[in-house]
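Here the structure is laid out as structure tokens; the discussion comes afterwards.
Chain identifiers are assigned alphabetically (A, B, ...) following the order of the sequence lines, protein sequences preceding nucleic acid strands; residue numbering begins at 1 within each chain. Reckoned from all heavy atoms, side chains included, excluding hydrogens, waters and symmetry mates.
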There are 2 protein chains.
Amino acid sequence: MSQTVARAIDIISFVSVRHRTLGQIAEHLGVHKSTALRLLQTLEEGGFVRRVPGGAYGMGFQLIALGQLALDQVEARSLAHPILHELSEKYGHTVHLGELAGDQVVYVDKIDGRGTVAMGSRIGLPAQAHTAAVAKVILAYQDEKTRARILEGAALTRFTPTTITDADALEADLALTRERGWAEDDGEHEDYINCLALPVFDARGRVTHGISITALRAVAPLAELRAHVDDFREAAHQISKNLGWGGDAYGRR
Amino acid sequence: MSQTVARAIDIISFVSVRHRTLGQIAEHLGVHKSTALRLLQTLEEGGFVRRVPGGAYGMGFQLIALGQLALDQVEARSLAHPILHELSEKYGHTVHLGELAGDQVVYVDKIDGRGTVAMGSRIGLPAQAHTAAVAKVILAYQDEKTRARILEGAALTRFTPTTITDADALEADLALTRERGWAEDDGEHEDYINCLALPVFDARGRVTHGISITALRAVAPLAELRAHVDDFREAAHQISKNLGWGGDAYGRR
DNA sequence: ACTCCTCGTTGCAAATGTCGCAATAGCTAT
DNA sequence: ATAGCTATTGCGACATTTGCAACGAGGAGT
């Protein structure tokens, strides 16, 4: 809609990867250096980019400040964090909190487990709708219409042999999720990682959040995670209560 | 420089305070609603703002993601965090890590102490140059020219009776800081809060970072903080070593 | 020490993108 | 149903932005 703003945003994401010089940025945008310079000057004034020693541009501190502020505004976070922390401590696994926002599930909290390896998830980034257990569990509990709308935007890209790439199979997986009360990710995004996720209910009994427990298959295969599902559910239940939910452990009111 | 980008930035900070409707945003900018809408649509596409249930606009999740990314790029953070955490655990006070970036000192890490009260500092926000102990300690160790440049941009606003509002007095305070090796904030920003800060040396022996220990005067007055200064210095020293510094505990090489 | 590059920065006229208007569409509450 | 609100789209006028060219600063190589 607005070319200028789109370019400014492009600059920020370009610069977020690594520091860039004016020339590189201008070339990336396909505009004259003077044009890029004026955009950068405005962004710098706002603290969105900054000049690093050497003259290149990098992300500004205002981004950090706004990110923290935005994070603080995620109410569920503060209500869930202590419980998630406890869970992570107890089992040593990585724990996520996902929130449904618009048409995607976003990670809003993450507690790294012991001996964590590189994992794609990051607070603030959206989860893959068809592979991430948190996404699947939240999706499973949405009404038909919402689910269809979200899945429409999902590409069902194959990442591993177990990735569900068929829409009907995914629907079946979601039905199973509803039935047993939790979702699983059987190495569907990374071969060697599996997760188990449970729904969190809000004050109106809707599922707007989910928690997931992530572990290396070699450390804790799905079977082991399943063995602790009652304990995990207890944590999810606790968070639900913190969100003002008055139902029982099975999601009924 | 670029009106459009400036407006986009204005929108983000306006929306960061609380959710706003299109009308409010347009009025705030002093532009027609259709203009504001087009800016918002572009920002939404980039994830910088999002529509919240009800139709209003709020901060987008991309801000969280970028903020986290920017934070991860602050190298000193990961090197200092464990040490700061330990310090905070041991004394129960709030601990900050400040970094000199351009012409201001920015908080890049913060560990809340036990029984923390509201404090203005936030990760990503700049520290007051003339009151915050972290800012003063970093400033004290800059060369004449840098110090002058930074102080030029500082307003020396009075917040409390002890705030140093005179440039000469501030220079004297900084000289004292250099001499004894630490800076103090004797309720200069908030009456009831005092801090003690120490310099962190980088690989080239320059002070680009500082750590501060903050406490309620009622809990731990300056005299008590001073009693532990050797311990605090040990932590600062440890961080310096992590940054590749090879000097001794007094900042000499 | 000098020249040759490259990079960032500024003034200016052309033109592209943006702006406000007015009309349309969606929504809520009366 | 209707009034009154907010959000959204098409379009012509024009203000903002754009690319150019020229300048200054800094570094590398001779």
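- An OP1 or OP2 oxygen of D:dT8 is reached within less than 4.0 angstrom by no side-chain nitrogen or oxygen of B:S34.
- Relative to the side chain of B:T4, the nucleotides D:dG19, D:dT8, C:dC19 differ in distance, and C:dC19 lies closest.
- Ring pair A:W245/A:F201 is parallel by interplanar angle, where below 30° counts as parallel and above 60° as perpendicular.
- Between B:H32 atom NE2 and C:dT18 atom C1' there is a gap of 13 Å when expressed in whole angstrom units.
- In this structure, a donor-acceptor pair under 3.5 Å is absent between the side chains of A:T42 and A:R38.
- If you measure from atom CD of A:Q24 to atom C1' of C:dG8, you get 14 Å, rounded to the nearest angstrom.
- Between the C1' atom of D:dT9 and the CE atom of A:M1 lies a distance of 10 Å, rounded to the nearest Å.
- Nearer the 5' end of DNA chain C, as judged by each residue's closest nucleotide, is the contact made by A:R51, out of A:S2 and A:R51.
- Rounded to an integer number of Å, the gap from CG of B:L39 to P of C:dC19 is 6 Å.
- Side-chain atoms of A:K136 and A:T177 form no donor-acceptor pair, as typed in the model, at a separation below 3.5 Å.
- Within 4.0 Å (heavy atoms only), A:Q41 reaches sugar-phosphate atoms of the nucleic acid but no base atom.
- The nearest whole Å value for the distance from the CG atom in B:L37 to the C1' atom in C:dC19 is 13 Å.
- B:R50 forms no cation-pi arrangement with B:Y57, by the criterion of a distance under 6.0 Å to the ring centre and an angle within 45° of the ring axis.
- For B:T35, counting side-chain heavy atoms from C-beta on, the closest listed nucleotide (C:dG20, D:dA7, C:dT9) is C:dG20.
- Ring geometry for B:H28 versus B:F14: interplanar angle under 30°, hence parallel rather than tilted (30 to 60°).
- Considering only side-chain atoms of B:V31, the nucleotide from C:dG20, D:dC20, D:dA7 that sits closest is C:dG20.
- If you measure from atom CD of B:Q3 to atom P of C:dT18, you get 11 Å, rounded to the nearest angstrom.
- Mapping B:K33 and B:R38 onto DNA chain D by nearest heavy atom places B:K33 at the nucleotide closer to the 5' end.
- Across the protein-nucleic acid pair, A:R7 atom CZ and D:dT16 atom C1' stand 13 Å apart, rounded to whole Å.
- Remark: P of D:dA7 and CG of B:L40 are 10 Å apart, rounded to the nearest angstrom.
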